[in-house]
2 protein chains.
Amino acid sequence: MRNKFLVIYNELAGQIENGVIRPNTKLLSENELAEQYKTSRETIRKALTLLAQNGYIQKIRGKGSIVLDLSKFEFPVSGLVSFKELAQKMSKNWRTIVHDLETIYPNEEIRTHLNVSKKEKVWKVVRAREVNNEKIILDKDYFQTKHVPKLTKAICENSIYEYLENELGLMISFAKKEIIVEEPTEEDRMYLDLEGFHNIVVVKNYVYLNDTSLLQYTESRHRPDKFRFVDFARRNR
Amino acid sequence: MRNKFLVIYNELAGQIENGVIRPNTKLLSENELAEQYKTSRETIRKALTLLAQNGYIQKIRGKGSIVLDLSKFEFPVSGLVSFKELAQKMSKNWRTIVHDLETIYPNEEIRTHLNVSKKEKVWKVVRAREVNNEKIILDKDYFQTKHVPKLTKAICENSIYEYLENELGLMISFAKKEIIVEEPTEEDRMYLDLEGFHNIVVVKNYVYLNDTSLLQYTESRHRPDKFRFVDFARRNR
DNA sequence: GAGTGGTCTAGACCACTCA
DNA sequence: GAGTGGTCTAGACCACTCC
C-alpha cells in the first residue's frame, strides 16, 4: 500500500471509525489537507472521493466535507463480502458443513449460468452454514475448473474466497447479485433447519475476474427470518 | 451538462448501449481518446472510471478497456430508482392507488426512523402498486414536512421523486436500503393481492439530501413472487 | 470577497502486458 | 521495448456558500 491516496484514505477512515474525527464535524479543507499531507490537491480529492463513496463523508460544494454518523449506516456490506468475514464481524458462533465437493459435467442450467461447454467439468460445492446452532444458509457454488485446479474440504470449510485471492492470486473485480424469493426445494429441507418456513430467499451471485471472465456462479439460499441485506447507494450525478 | 467528462461518458455509454461499440471489443486507448476529444487524459479517465463504475467497461492495466456485454447485466437498478421509472422500463401496465395521504404526529417507531421530535408533523403516504392488474407492492412513505410543504394525490399517483427533484429542487444524494422478509400484516392483506403468500419482502429505504439531512423513510412491501433485486458490485481495490 | 469543492490541463513517472 | 492504464503534480478557472 504505497499509494498515497490510499494511505490518506485509510488514515482518515480509521480516524472516523475510532471517533478521532467526530460525526457531523467538518474535515479540514482540501487545500489544508494537501498542505498537511504534503501532496497535491487532486490526490487529496481522490482520497476524499473514496471516503464519500464508502459512506464516511458527504462533500458539499462551497461548504466542505461533513463526517457522516457511521452508526446510522452500520454494515454497508452490499459489495463482495464472504460469509466468513460477515460471521466474524457479527461475532457469532458459526460453522460450515460441506455436503458436496466434486467436479461434474454441468447440466444445461449451470452451463448457461457459467457459460461453459458440455465437455468442461466444473467444481460443485454444496455447503450449509450454521449460526448459533441453526442451519440457516445453503450455499451452492460452481467454479470454472480452468481457474481453480484444486479444491479441498478444508478450504471449503474455511473461506474459498481467501483461497482464491490469496493462494491462487485470482483477481476478483466485480459481481452481479440477484435476490429473489422461491419455494424451498427438497435439498433446502434436507440441509437446513427450515422450521416450517414456506419461502427461501435466494441470492444468485455471478463473480467475474479482472479480465472479465466469469469465475463462479453461486446460489446462496437463506432462511427468510435470518436474511438481511443492506445496500448503500449514492446518486452518481 | 457542460461537464466535458460527462459529455464523453454519455456519448460512450450511448454507443455501447446502441451497439455502435460492440461488447468484448476494446475501447480506444486513453491517449487516443484524449486526442480525439481534444482534451486531457485525466478528463478521459474520469469518463472511463464512470463507465467502469456503471458496468459498461472493465479497465485492465497494460491492456486497455474492454466493453462488457450489457445484456448479461440487465437492470443494475440497485441505486435510487423510482417505481415509475422501473415500471416504464419494463413497459408494464401499471397503476398507483393512493390509500392514505395526510400529515400525522409520528409514533415512536417513525420518530426514530425519521429522527424527528414529537411535535413535528410528518407526511404519511400509503400507496399500492398495481402491475398487470395485480396489486403487488405496498409503499408506505414518511417525509419531513420541513422539506416537503405540499403534497397532492396527483403527485403521489405519478412520481413523488420527480416532484421533489424537479419541482421542489431537493437534491437527493444517497440512500440506505435494507431488505428483510416479514409476515404479512393486516394492512398488507387489505391492500395487496396476496393470494395465500405467507411472506412479504420489505425494503426499508432511508433517503438523504445533499446536506446530509434525512428526507424520507419508506417501507416498500413486495409480494415475494414478484420481487427481484439486482445489484452490481465492484471491488473498490 | 474569502473560502470551499468541482473541473480541467499538460506533463511526468510507474507497473503492467504483449509481442 | 512500445503501448497500456494507474498515480501524482502544480497550477488554473469555475460555481457555490457564507458573511
Side-chain angles (χ1 to χ4, degrees), chain A residues 1-12 21 24-53 56-68 169-171 173-174 209-213 234-237, chain B residues 1-12 21 24-53 56-68 169-171 173-174 209-213 234-237:
Chain A
M1 178 148 48
R2 45 172 51 73
N3 285 346
K4 219 176 250 192
F5 79 94
L6 273 186
V7 172
I8 297 168
Y9 165 80
N10 282 315
E11 186 165 327
L12 292 173
I21 306 180
N24 304 316
T25 62
K26 279 214 281 261
L27 242 46
L28 292 180
S29 78
E30 297 181 348
N31 283 316
E32 289 169 317
L33 286 171
E35 200 175 345
Q36 179 178 318
Y37 283 99
K38 295 191 194 319
T39 183
S40 71
R41 197 180 137 222
E42 282 289 1
T43 299
I44 293 294
R45 281 182 57 71
K46 242 169 140 176
L48 296 196
T49 300
L50 242 195
L51 285 172
Q53 279 170 350
Y56 286 95
I57 63 170
Q58 171 79 359
K59 310 175 88 185
I60 305 179
R61 173 172 4 206
K63 285 175 129 174
S65 294
I66 295 180
V67 180
L68 296 180
L170 293 178
M171 307 263 279
S173 74
F174 60 97
L209 295 178
N210 239 0
D211 62 358
T212 77
S213 65
R234 297 196 89 78
R235 257 248 193 290
N236 268 330
R237 279 173 309 283
Chain B
M1 177 144 51
R2 46 174 50 74
N3 286 346
K4 221 178 251 192
F5 79 95
L6 272 186
V7 172
I8 297 168
Y9 164 80
N10 283 315
E11 186 165 327
L12 292 174
I21 306 180
N24 303 315
T25 61
K26 279 215 281 261
L27 241 47
L28 292 180
S29 79
E30 296 180 349
N31 283 316
E32 288 169 316
L33 285 171
E35 199 175 344
Q36 178 178 318
Y37 282 100
K38 294 191 193 322
T39 183
S40 71
R41 197 179 138 222
E42 281 288 2
T43 298
I44 293 294
R45 282 182 56 71
K46 243 170 140 175
L48 296 196
T49 300
L50 242 195
L51 285 172
Q53 279 170 350
Y56 286 96
I57 62 171
Q58 172 77 0
K59 310 175 90 186
I60 306 179
R61 182 190 332 227
K63 285 176 128 177
S65 294
I66 294 180
V67 180
L68 296 180
L170 294 178
M171 308 262 280
S173 74
F174 59 98
L209 294 177
N210 238 1
D211 62 358
T212 77
S213 65
R234 299 196 88 77
R235 259 249 191 288
N236 268 331
R237 279 172 308 283

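The chains referred to below are lettered A, B, ... by the order of the sequence lines, with proteins before strands, and numbering in each begins at 1.
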Exercise for review: Report the C-alpha separation of B:Leu33 and B:Ile8 in whole Å, then their side-chain angles, then the decisive distance to 0.1 Å, and conclude whether the side chain to side chain contact (heavy atoms under 4.5 Å, CB included) test is met.
Suggested key: CA-CA 10 Å; B:Leu33 285 171; B:Ile8 297 168; over 6 Å; no
Point to revise | Which residue lies more 5' along DNA chain C, comparing A:Arg41 with A:Gly62 via nearest heavy atoms | key: A:Gly62
Point to revise | Heavy-atom pair with the smallest gap, counting every atom of B:Tyr9 and B:Leu50 | key: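 Scanning both residues, the minimum pair turns out to be CD1-CB, 3.6 Å.
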**Study point:** Heavy-atom closest pair, residues A:Tyr37 and A:Leu12
**Key:** OH-CD2, 4.1 Å
Practice item. May I ask you to decide if A:Gln58's main-chain N or O and A:Ser65's side chain share a donor-acceptor pair within less than 3.5 Å? Key: no
**Study point:** D:dC18 phosphate, OP1 or OP2, under 4.0 Å from A:Lys63 side-chain N/O
**Key:** yes
Exercise for review: Taking heavy atoms of chain B and a 4.0 Å limit, find me the 5'-most and 3'-most nucleotide of DNA chain C within that range.
Suggested key: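 On DNA chain C, the outermost contacted nucleotides are C:dT7 to C:dC18.
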Check your understanding: Does atom CD of B:Gln36 have more than 12 heavy-atom neighbours from other groups under 6.0 Å away?
Key ->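 Yes - once you tally the heavy atoms of other residues, nucleotides and ligands closer than 6.0 Å, there are more than 12.
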Check your understanding: Any side-chain donor-acceptor pair under 3.5 Å between B:Ser213 and B:Asp211?
Key ->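 Per modelled atom types, B:Ser213 and B:Asp211 side chains form a pair under 3.5 Å.
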Review point. NA contact type, A:Leu48, heavy-atom cut-off 4.0 Å: base, sugar-phosphate, or nothing?
Key: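 Nothing, no nucleic acid heavy atom in range.
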Exercise for review: Run the numbers on A:Thr39 and A:Ile44 for side chain to side chain contact (heavy atoms under 4.5 Å, CB included), then give the verdict.
Suggested key: CA-CA 7 Å; A:Thr39 183; A:Ile44 293 294; 3.7 Å; yes
Exercise for review: Fill in the dot-bracket string of DNA chain C, one character per base: . for unpaired, | for a pair to another strand, ( ) or [ ] for pairs within the strand, taking Watson-Crick or G-U pairs under 3.5 Å.
Suggested key: ||||||||||||||||||.
